[in-house]
Every structure is written in structure tokens, then in C-alpha cells.
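All values reported here derive from a predicted model rather than from experimental measurement. Naming convention: chains lettered A, B, ... in sequence-line order (proteins, then strands); numbering from 1 in each chain.
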Amino acid sequence: MPVSDTITITFPDGNTRDYASGTTGFEVAESISKSLSKAAIAITLNGVQKDLCDPLNTNGTVSIITLKDEAGLEIMRHTLTAQVLARAVKNIYPSAKLAIGPTIENGFYYDIAFERAISSDDLGTIEKEMRRLLGAGNAITKKIVPKSKAIKLFTDRNEPYKVQIIEGAEDSQFQIYCQGDTDFIDLCYGPHLPSLKKIGAFKLMKLAGAYWRGDSNNEMLTRIYGTAWRDEKELKAHLTQIEEAEKRDHRKLGKEMDLFHLQEEAQGSVFWHAKGYAIYLQLEAYIRRRLKDAGYDEVKTPQLMDQRLWEASGHWEKFGENMFVTPDIVPNTTGKGPVFTEEPKNFMALKPMNCPAHVQIFKQGVTSYKDLPIRLAEFGCCHRNEPHGALHGIMRVRQMTQDDAHIFCREDQITQESVAFCALLQKIYTDLGFEDLNVRLALRPEKRGGTEETWDKAENGLREALTQAGLSFEEDEGEGAFYGPKIEFHIKDAIGRSWQCGTLQLDFILPERLDASYIGEDGEKHRPVMLHRAILGTFERFIGMMIESYAGKFPLWLAPTHCVITTITSSADSYAQELYQTMWNAGLRVELDTRNEKINYKIREHSHKKVPNIFVVGAREAEEKTVAIRRLGGKDKDIMSAEKAITELIEQSRPPY
RNA sequence: GCUGCUGUAGCUCAGUGGUAGAGCGUUCCCUUGGUAAGGGAGAGGUCGGGAGUUCAAUUCUCCCCAGCAGCACCA
């Protein structure tokens, strides 16, 4: 019931205007200008998006959404998936059942249950039908129906997923969008475009499986992904951007730059080639210096440990299905009969984590409260039996080396240790070129150990640490580990996938399970708190991220090769050899290329391999004891004395710490 | 693990129901060339693995393995 016949609308510029109650958003736009009413696709009323056809009954602030706005683009994408993709699919496959069709970054998807599986070849047919529907340019209208009617509508149409959605919703009224005079309907919170004429450029991208409601216990639906933009130009720019990003893929660059390879016989484990391992070693040495100066003690613990230890730690029960377990028996490798001829009594497991081993070191001897915190670091090589479908290049592997450490401390030291960790992490990420971090604080899950008081303390400690470190972060309810809350540091790869790298996790459970204790000021035994922490996360993933973020062009201190010396003619060979020897002796990662090839050819090849510096030498340089420096990406050459060039190179290749 | 796709020379890829082709790389020969591909010749393949259909399978069918995209998982 309208309170009065007139409502006052405030516009973003502060102006106000009175309208008859029940005026629609479209009419408001029209009252401002004809062109605005043409461009309008929806409005926001007091910050809430509304359809143009919704009548306005209250005073409020209204702004008109057009396709120029990000919100407008999203509405367009939403309409495209809900009205066009869904209808096209139903036209071609009448028995298909629609689930959900939301927008995502750069586009949209729709989850659909098909009677018979469709393949990516069918996307073309669907896209064609979509274009046909767009050609008709139907108007979109909507009606609002009560819950019972909505359920009946979709039950009659044999849309069980829509019925489930309605049944599960709190609302009493539902919006049903219709298209022209067709009998297609879709359930949606809206808003939608007023007409299909306003759809821009789009393309169906790929097809994949996705579980209904994201639960792997449910059936798998077919998800159709698409991208949509205001016009062809924007679409093309987006597709080009994807192509460009694919060029930075670490798997591609890893091969091109001869950094590493993977093969079937060791799936999920990296074969580091000399060039890739050079990066690895530099990075490891850098982290080692950082950790040492931050008060960590580096240790090394066993790879294979007895089942009993993993049972005691809780890993056997909680993590067992991800562990590689081996019976402690001499195998029969004759090729005849079973490999294990006796029933094993004992099992060993490759460590999936370093923490239980670090607790064993902590437990040697007696620890006083005065000794805390104790920070044990290990470049620990861990194995995890990851699901096949999860493996991805060197980002998600089965054998990984963490820059792991465990800090054993008293409860009152949690905050200071966490703050110090965040500060250290920030310094390191800055040095390594990662400034934009996505930081998440994962809070207590439903199933958890420890008391509420401990959780409060732990969560607040981490919050405090992040705040003091000046890091903005988002909180994820219920996402913490069962033993404690955690901070996660995520980075995006070349094509926008987010990967967790650094982490800080509080643990009150493991010291208890493995009976670790220290002697307090009161002379009694106390439990230490454990902080599990990693900065890179794993070398594999982090180097993968660096390859993509640098597009293979590593800063000099990390570059696999600092410099290639190459000759123009064979007359400079001995001079080049001399230079090579001098530079090699100076500790530079240098290569010599005296092949009988043209200089253009050699420059091109080394540039493709992202070699940062090429020292070109010919007769003239040999005569004058100079080098012509060709820097990666540069066109100019820089001629200077060999001595100066080498000194500069040594200077430039120094690590940041 | 689930859904879909892919697997041919070292790499990137084309191709066919009658046991295969290109470019790059590699080897050899010619070329000594001044900053992103000089010329020529040769070598190189269990067409991912297994089974089936067929006179004949790299090609068609089924099973397995691996990779890719996404979903689920990710201490």
C-alpha cells in the first residue's frame, strides 16, 4: 500500500524530483532524457537493483544502470545465460533440466542436466540457436508469483532443480521472467535486461562437469561456460588477453626454457633440469638467509616413518587417504608371484607433512619456558597422494618441498610470533615481486578440537597479527583446520586461477597428541602451542607462480643464466673463451655460444629462451677488449669494456637479501 | 575421484580402413655472416597401451593409462 500518492526520488547528483507512486524505473529514466531511457537497463533503488518495469512506491535514491556500468554488464551476462542460453538449450534438448546459471568474472555459466551427454562439439549448435533467439529480440517481462504457484509452474515443466531451489528458499514470492510471447520461463532474483535487443557480444567457451550444489555426493551436471561483453571489440580484446596469458603458462615456459619436465612414470613429481634447479637453488639460499636471520634453526627429518608415529599424530586417521604407505617387507621382484608374499606386520609412510617429525626434535631433552619460542625450519620434501584430477603442472604435485617451519611457543607469544611472521612474509613477497596478496583468515570449523576460549584467543591473535602487519584480509567462517585457525596467502596465476602459497596455522592439538611439553616458570609441565608456517608454501608451486608472473623473464639474481657470450665470427672464439672463464670464475651463471651460426640466429634463439643478457663479441670487441651487450627485450646494444660489463653484471645479479 | 576433450618424430601440429607427413630442432656439407630464422642433404615414428570388428586398424568399437579444461578435494 503506498503511503501517499507522491514519492520523492533522489538522484546520485543530489537532485530530487517527485513522481506519482507506482512510477516505473523506465519512466523515471524517460523523464530525465529520451536517450537515457534508451540506454537504461535497470536501476538501483537505495542500492538495491531493480528491473526497469518495477513500480516505485517509496521515497529513495535511484540511479540508472546502463551497459556502461559494470553492474549493467553483469545484468547483461545474467540475462544472456538465464534467458538465451537456457532457452536455446531447452529448444534443442527439450528434456534438459535447468539448474543454476549465475554470472562469473568475464562471463557466465549454466548448470544443466542432459538426458544424454553432450560434447563440446554441440556448443556450436547451441550458440547458433542463441544467435537465432537474439535475432528475434524479444522483450523480457516478469511476473511475481507465490511460492506454491512457483513450485507448481516448475513441477509442471519437469524442472526438479528449480523446484528444489524454490522449496529451499525462505522467500514467499518468486520472480518469473518470460520472453515475448514464448512459453519459456525462468526463475530469477533479477534484474534482467528489458529486452534481448540489448545483448552485446558473446561466445560459448567450454563445457565441464559440476556437481549439483557443489557437493560431490550429488549427481554431476553439465556446465556450459560463456563469456560476454558490450561489443565485439571488447570480446576480441578478452580473447586476445586469454591467448596472451596462455603464453605465460609455466608448463609451456618450463619446456621452452628447459626448466623442468614431468613424465608418466612419476606423475605429479617434478624432474628439475639444471636451469630450473638453478632458480630453485637461488630461491632456497635466499629463504635460508631470511630464516636464519629471523631466528629459525634449520633441521632435516626422515622421509619414511613408522605407522605408529602417524597414528599418534592423527595423520593416519585424518590424512591417511592422501598418504603413500609401504609395507616394511623385502619385496619379491622376480616377476613371478605376488610382490609381497607375506602379510605385512608393519607399515611405513612417506611423510605428507613435517610437523610430527619436528615435534620429535622438540621432545628431545627438556625444554624450559626460557627456551621458547623454538623455531624449527626444514626444506622438507613431502609426498601426498593427491587425486588425479587435482594435479596441475608444478602447481599441484604429489612430491613437494615446503619452506616449512614450526614455531613452538607459549600462548602469550602467539601474537608476537604471528606479527613477526607476517612481516617476514611481506618482505619476502616484495623481494620476489608479489605485491598484491589475497589474504584470508579461516575461522573455526564445525568439527574442531580445543575449547572455545582457546579458539577465541587463537583467532584474535591472528586477526591482531594481520592488522598490525597492515594486511587487509577476508574472513572465511568454518574454513579453519580442525586443530586451529589459519591465515592463507593466495596468489593468482597467469590465467586467473588462485593458488594458496604462504600459510600460518595455529595448532593446539598436535603437541597434546604427541605429548610435547615444556617446563614453565612454575616448575610444572605445560603444552606449547605450535605455529605451522610456510612463506612460499612449496618451491614447486611458488616457482610455477614466478614463471607465470615474470613471464619467464626472471630478475637477474634468479635467472637460470645471467649471460650468454656469443661470437660473430670464429675469429673471436678465443677472446670469448677468455671472457667465459673470467665470468665463470667470478661465480656468474654464464654460457658460451661459439656455434657457426649467424648472429641474428643466435640472438633470436637466446632471446626466446629469455636469457637476460647477451654479450656479443666480434673481431672489434676482441681487439678493444669490450663487449656489445644485448639486453632481453631491448633493441639497442650497449658497448663497454669487458671489465666494466662484468663488474656491473656481478653487481646486478646480487640477491635482494 | 567425477564430467567432457585430447594423445601421430625431440618440440608444435596436419593426415588416412591398405603400416605416415610438414615446420622447428638434430646430424653432415657449404657459408665467417655485426644484433630476433643463410643454403643444401640425411637420420629420426610399436601413430599412448591392450583387446575386438575386418582380408587389412594409426584410422572403427570397447577397456586401461596419461595429459588438458572444469567440478570436488587441497593438512
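- Scanning atom types as modelled, no donor and acceptor separated by under 3.5 angstrom connect the side chain of Tyr211(A) and the base of G70(B).
- In this structure, Arg77(A) fails the cation-pi test against Phe108(A), since its NZ or CZ atom is not both closer than 6.0 Å to the six-membered ring centre and inside 45 degrees of the ring normal.
- Contact annotation for Ala619(A): base contact, defined as any heavy-atom pair under 4.0 Å involving a base atom.
- Looking at Arg213(A), its side chain has no donor and acceptor atom pair within 3.5 Å of the base of C71(B).
- Checking the phosphate oxygens (OP1, OP2) of A36(B), a side-chain nitrogen or oxygen of Arg630(A) falls inside 4.0 Å.
- Taken from CG in Leu262(A) to NZ in Lys255(A), the straight-line distance is 9.5 Å, to the nearest 0.5 Å.
- Backbone-only contact: Lys206(A) has heavy atoms under 4.0 Å from sugar-phosphate atoms and none from a base.
- Using a 4.0 Å heavy-atom cutoff across all strands shown, Tyr483(A) reaches sugar-phosphate atoms only and no base atom.
- Distance, Trp499(A) CH2 to C73(B) C1': 12 Å, rounded to whole Å.
- OP1 or OP2 of G25(B) has at least one side-chain nitrogen or oxygen of Tyr601(A) nearer than 4.0 Å.
- Within 4.0 Å of Phe319(A), counting heavy atoms only, lies at least one base atom of the nucleic acid.
- Within 6.0 Å of CD in Gln241(A) there are 12 or fewer heavy atoms belonging to other residues, nucleotides or ligands.
- Spacing between A14(B) and U8(B) at atom C1', rounded to whole Å, works out to 10 Å.
- Classification of Arg248(A) and Glu548(A) as a salt-bridged pair fails, no side-chain N sitting under 4.0 Å from a carboxylate O.
- For Arg251(A) and C68(B), the shortest distance from a side-chain N or O to OP1 or OP2 is below 4.0 Å.
- Regarding Asp249(A), its CG atom lies at a distance of 12 Å from the P atom of U12(B), rounded to whole Å.
- Counting to the nearest Å, the P atom of G4(B) and the CD atom of Glu219(A) are 15 Å from each other.
- For the pair Arg497(A) and C74(B), the criterion of a side-chain N or O lying under 4.0 Å from OP1 or OP2 is not met.
- Between Lys351(A) and Glu378(A) there is a salt bridge, since a side-chain N of the basic residue sits under 4.0 Å from a carboxylate O of the acidic one.
- Gln263(A) comes within 4.0 angstrom of no nucleic acid atom, judged by non-hydrogen atoms across all strands.
- Across A72(B), G34(B), U3(B), the shortest atom-to-atom separation from the side chain of Ala390(A) is found for A72(B).
- Residue Lys318(A) is out of contact with every strand shown, counting any heavy-atom pair closer than 4.0 Å.
- If you take NE2 on His392(A) and CZ on Arg541(A), they are separated by 9.5 Å, rounding to the nearest 0.5 Å.
- Using a 4.0 Å heavy-atom distance criterion, Glu479(A) is classed as making no nucleic acid contact.
- Among the nucleotides A72(B), A36(B), C11(B), the one closest to any side-chain atom of Lys255(A) is C11(B).
- Glu459(A) and Arg444(A) are joined by a salt bridge, as a carboxylate oxygen and a charged side-chain nitrogen come within less than 4.0 angstrom of each other.
- Glu246(A) comes within contact range of no nucleotide atom at all, as no heavy-atom separation falls under 4.0 Å.
- Ser119(A) comes within contact range of the sugar-phosphate backbone alone, with a heavy-atom separation under 4.0 Å but no base atom that close.
- Among the protein residues, Ile568(A) comes within range of the nucleic acid bases, having at least one heavy atom under 4.0 Å from a base atom.
- Note on Ser570(A): a base of the nucleic acid sits closer than 4.0 angstrom, heavy atoms only.
- Among the atoms of the strands shown, base atoms are found under 4.0 Å from some heavy atom of Thr569(A).
- Nucleotides A56(B) and U19(B) have their C1' atoms positioned 10 Å apart, rounded to a whole Å.
- At a cut-off of 3.5 angstrom, counting only N and O atoms as typed in the model, there is no donor on one side facing an acceptor on the other between the side-chain of Glu386(A) and the base of G1(B).
- Here His392(A) does not reach the OP1 or OP2 of G67(B): none of its side-chain N or O atoms lies under 4.0 Å away.
- Within the 4.0 Å cut-off from OP1 or OP2 of A66(B), at least one side-chain nitrogen or oxygen of His388(A) is found.
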